[in-house]
Every structure is written in structure tokens, then in C-alpha cells.
Amino acid sequence: MPPRVRFAPSPTGYLHVGGARTALLNWLYARKTGGTFILRIEDTDQERSTEAHTQVILDGLKWLGITFDEGPFFQAQYSPRHRADAEKLLAEHKAYRCFCTREELETARQAAIKAGSSFRYDGRCGRLTPAEAAARVQQGDPSSIRLRMVDGEIAWEDAVHDRISFQGHDLDDFIILRSDGTPIYNLAVVSDDIEMAVTHVIRGDDHISNTPKQIALYRALDQPAPIFAHVPMILGPDGKKLSKRHGATAVGDYQHQGILPLAMRNFLALLGWSPGGDREILPEAEMIELFSLEGIQKKAAVFDVAKLEWMNGQYLSARPAAELLEPVRLHLRELGVTESGRDLIPLIDAVKARSRTLLDIATQVGVRLDASRVVRDAKGTQLAAKLGAAFSANLLIGHAALSALTPSQWNPADLETAIKALAEREGKKLGDLMQPVRVALTGGTVSEPVNELLAVIGRDESLDRIRAAAQ
RNA sequence: GCCGCUAUCGUCUAGAGGCCUAGGACACAGCCCUCUCAAGGCUGGUACACGGGUUCGAAUCCCGUUAGCGGUACCA
């Protein structure tokens, strides 16, 4: 039977890169095995769940090219079944009503903390006789439902960690249904995973401590537990769980910075999973082909933005400019650059080799398109200062020579010939002549070769910028 | 505190007892190329947490220590 896996985010925030990676791993497993990938939105926390967050998750997955086969299902719609499961357990005495109030529980918890130990519910309501419990319900006392934990070992063969074992007596009788009749996470998850016939639960290893509780629930419901695969967390550069204070953590943040979805997906796949060997850049087909749960790392991984950007640069270089056109346009629009009818392809080609993100490309294209975006940077200023009068002088020499070229000669090849000839005639090194021009045209000391730069900016505009800079 | 998980270069990782004086990638440094930068090529430094076992032999297996992380809710 083909596996059935699911990604089950709660719509209480943006799509975190950790969540995206979990989704990706599930997706890879489903695609690898010919299984089914289900998307289930866990919106049982009505306080914090919003439709906007759901949409962001959907958009993020779509952007990454992670497609699901079933869903999205919304967990909150299934609370009648969750409640029915809880009541079934109640009827079978595998669960019991708890009349302790939140306040009482909180007081006991504080006392436990003060005493330096951890709070565990003592199961007192579990010792009420059925008659006593019925009487309290009768008199209108609100009650939650707790699962009766049984002693003994709860262990499973984790697909990434191998055997993990807990003891039943270390776990307390946890609540499965709130006093308002809504289900608690662990119950909802198990109930839904049973209903959706999920065979493999691939999720973050921060859920490891939920797993024994969930296995207890499977047992109580007389259902076989699925295979669990707990994948490692993603950490910030300081080794702490990746969070907002580390900067960009949402998939959308990287989209806005101009990371390509395939680069992001490739990078995420390699964070905590390895196909073995030396592979770095993996096309989708190979990624699926090579994927296995065994290749998943046990250890948490630090999210290294520098490597992401490197990888993005690799993808950028491999893409023809035409494929980058639309996303670059989007970034240009955000930057407020007007295209003024220019063919952007040569501009993108001119700068993409030196770019790590689409935003880099758009910024550089903007500088080439619009003189008002030329800002003299530190290196450019330094060069002009160092050269002093020679800076202007060399610009004027260049201006004079370049002015002599006709519009039809204004192409990379003829420009190169003219520049080399000029350097020879003047007895100057190419760099001495060209660096000031580069600064005049872009404001900085880094760009494509100057002949190409001149060609891409255009004759009149280039000459204007050179003359202006020579003042 | 308790329960659990983890431990190879700064980072991502390869490594399933001899192929390991530990390989690759990112980052870093140097050189080559060169009008600058990027790319590319070459070179370099840096790692098996520690201590005990097991074994002819251990990065790999076992135990302990230490450290880090996760959980410890009528959150998910």
C-alpha cells in the first residue's frame, strides 16, 4: 500500500522555513514512493488561527513547488469526530472527566515550580467513582476529559532516530478535550491521522515528546500507530531555535529578497538531509530519486544564509535571462524603477553573473536604466580621491575618444577595440582609463567589463554620465 | 529539576570497524586569469567533544561524563 503522509501546519504565523522544510520532506517522500501528500491546516486554536495565515502557507508551498494531493483540510471542522473519540474513550473508562479548574491546576503548578520539581497531574479525578462523576456533571460542574495513562514502556522505531522509548509513568493523564468541548492538539492529530489513514508521520523533532502521548491514544483507540520520522530542527547562527530575532525566518522573506524557489527548495532539502556523497545542486527529479528517510540527519542544522545565497547564485547563472525577466520586473517595480520600454534581457544578462539574488539583479539593472540611481559608493569615492585631477582627466580623454564612435559602432566588440586603441595611444593602462569610467557609469568600482557596460547603458546616456562625472 | 534527543572543520555534510596521515560544499586567505568584480582554476588553514571499554584494528560498536537542544499547558 502506498504511503500517505501529511503536512499539518497551524495557521498562527507565517510559513517558517522549518515548516517549509518539513513539508518538503513529506512531499519528497510521497513523490519518491508514489504515495499521497495531504495538507491539513490545524486551526483548532481559534484564538490565533487566521485565514490570512492559511493563505500565506498555501502561497508559500505553491511558490516552492510543493504540491499536495489531498486537502487542504481544516481540522476545526472535525471537532465533532474528535469529541466522539473522546467520549468513546470515556465510555470505555480509558479516559475520565476532570473537574479540576484551571486555577487549581495553575496553583498546583506554581507550587511544584517553587518546590523545584515539575508539575504532574496526580490523577485525582480519575479516582472518582462513576457515580461521583455523574453527580458533579449533574450539578453543572464543568469538566475536561483526560486520558488515563497506563504504566509500562511506550517505544517506537523512529525512521530517523531508531528506537525511542518513554515510560508511561513519566507521563501524566493529559487532557484530550477541553471543558468547552474542543479537542486538544494530541487528540485532534491522532483522530485525524487515523481518519485520513496516514501511514508516516514526518514532523519536527520538537514533537518527540508528544509522540508517546499520541501512541497512548492510538492504543486506547485500538488503532495501529503510524511510522514516525522525527526530523531535526533548524537553528539560527547562535545555535538557538531559529526565530524572528535571527532575521528572516519566513519563506516569504526570502521570496522578497529575490531567492529563486528552486534554490530555496534545494537548500532546504540539504539542510538535515543528504543524498550521500558530494551532491549540492539537485534537480527535482534527482532529488526525488535519491530521497530516503535514512538520509535524514539526527542533528539540528544551522541555517546558513551565505550558502543559500551562493546556491541561489548558482541557479541564477544557470537560468537564461528570459526566465528571470518576470521576477526581475516585479523587483524593479518594488524598487520604483521605470523600464521605459527598454529590452531588459541584455541588461539582465550583463549583471546576473555578479548577482546572488533577483534583488541584486534588479538593483543593478536600475542603475543602468536610470542615472538618478547612480550613487557614488565608498570604493568609488576612494578611487576618485586617490586619482585626484587624473580622475577627471582620464574621463575627459575617454569621453573624447568614445564620442567619436557612431551609434552603430556602439556595441561591445567595437567598444572594446576603441578602448584598447585608446589605451595604447595614450600609453596608459586599461584599468587606469576604465576604472574612472566604471565609477562614472555606476558609482562603484565593480561591474561587467566596461565595454559591455557602455553598450548596455547606451551611447548618449553613457557619454552624459561620463561628462557629468568629469566636472 | 524531571523526561527525551543530539554530538565530524566556523557552517552544511560524506563516512555503516581496516579504503581516513578523515572527503566534498559554503565561508575565509593566497595565487592564476584579468580593465574591476563575479565566475572558473590552483593552493592553504581549521574537525571525529572528553574519558573509559570491546576489538588485531574504532570517527564508526558499548558505557559514562560534559555540552547543546527540545518538551515539561484546558498552545500547536
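In what follows, chains are A, B, ... by sequence order, proteins preceding strands, each numbered from 1. Because the structure is predicted, anything quoted here is derived from the model rather than measured.
Counting any heavy atom pair closer than 4.0 Å across all strands shown, I208(A) reaches sugar-phosphate atoms only and no base atom. Residue-level contact check: F166(A) touches the backbone only, with heavy atoms under 4.0 Å from sugar-phosphate atoms and none from bases.
Taking atom CG on N312(A) and atom P on rC12(B), their separation rounds to 20 Å, with Å as the unit. In this structure, the CG atom of D238(A) is 14 Å from the C1' atom of rG10(B), given to the nearest Å. One atom, CD1 of I176(A), and another, C1' of rA76(B), lie 17 Å apart when rounded to the nearest Å. Per the geometry, CD belonging to E309(A) stands 12 Å off P belonging to rC28(B), to the nearest Å.
Base-pair partner of rA39(B): not found among the strands shown (Watson-Crick or G-U wobble, both distances under 3.5 Å). In this structure, rC9(B) makes no Watson-Crick or G-U wobble pair, since no nucleotide meets both defining distances under 3.5 angstrom. Across all strands shown, rA16(B) remains unpaired; no Watson-Crick or G-U wobble contact has both distances below 3.5 Å. For rU54(B), there is no paired nucleotide, since no Watson-Crick or G-U wobble pair has both relevant distances below 3.5 Å. Pair check for rU65(B) finds rA49(B); Watson-Crick or G-U wobble, both atom distances under 3.5 Å. If you check rU72(B) for Watson-Crick or wobble pairing at under 3.5 angstrom, you find it paired to rG1(B). Base pairing of rG44(B): its partner is rC28(B), meeting the Watson-Crick or G-U wobble criterion (both donor-acceptor distances under 3.5 Å).
The pair R83(A)-E87(A) fails the salt-bridge criterion, with no side-chain N (NZ, NE, NH1 or NH2) lying under 4.0 Å from an Asp/Glu carboxylate O. With respect to R319(A) and E323(A), a salt bridge is recorded, a charged nitrogen being found less than 4.0 Å from a carboxylate O.
Under the 6.0 Å distance and 45° angle rule, R40(A) does not count as a cation-pi partner of F74(A).
Not a single donor-acceptor pair, N or O on each side, falls under 3.5 Å between the base of rA7(B) and the side chain of K298(A).
The same atom, C1', is picked in rC20(B) and in rC32(B); the two are 31 Å apart, to the nearest Å.
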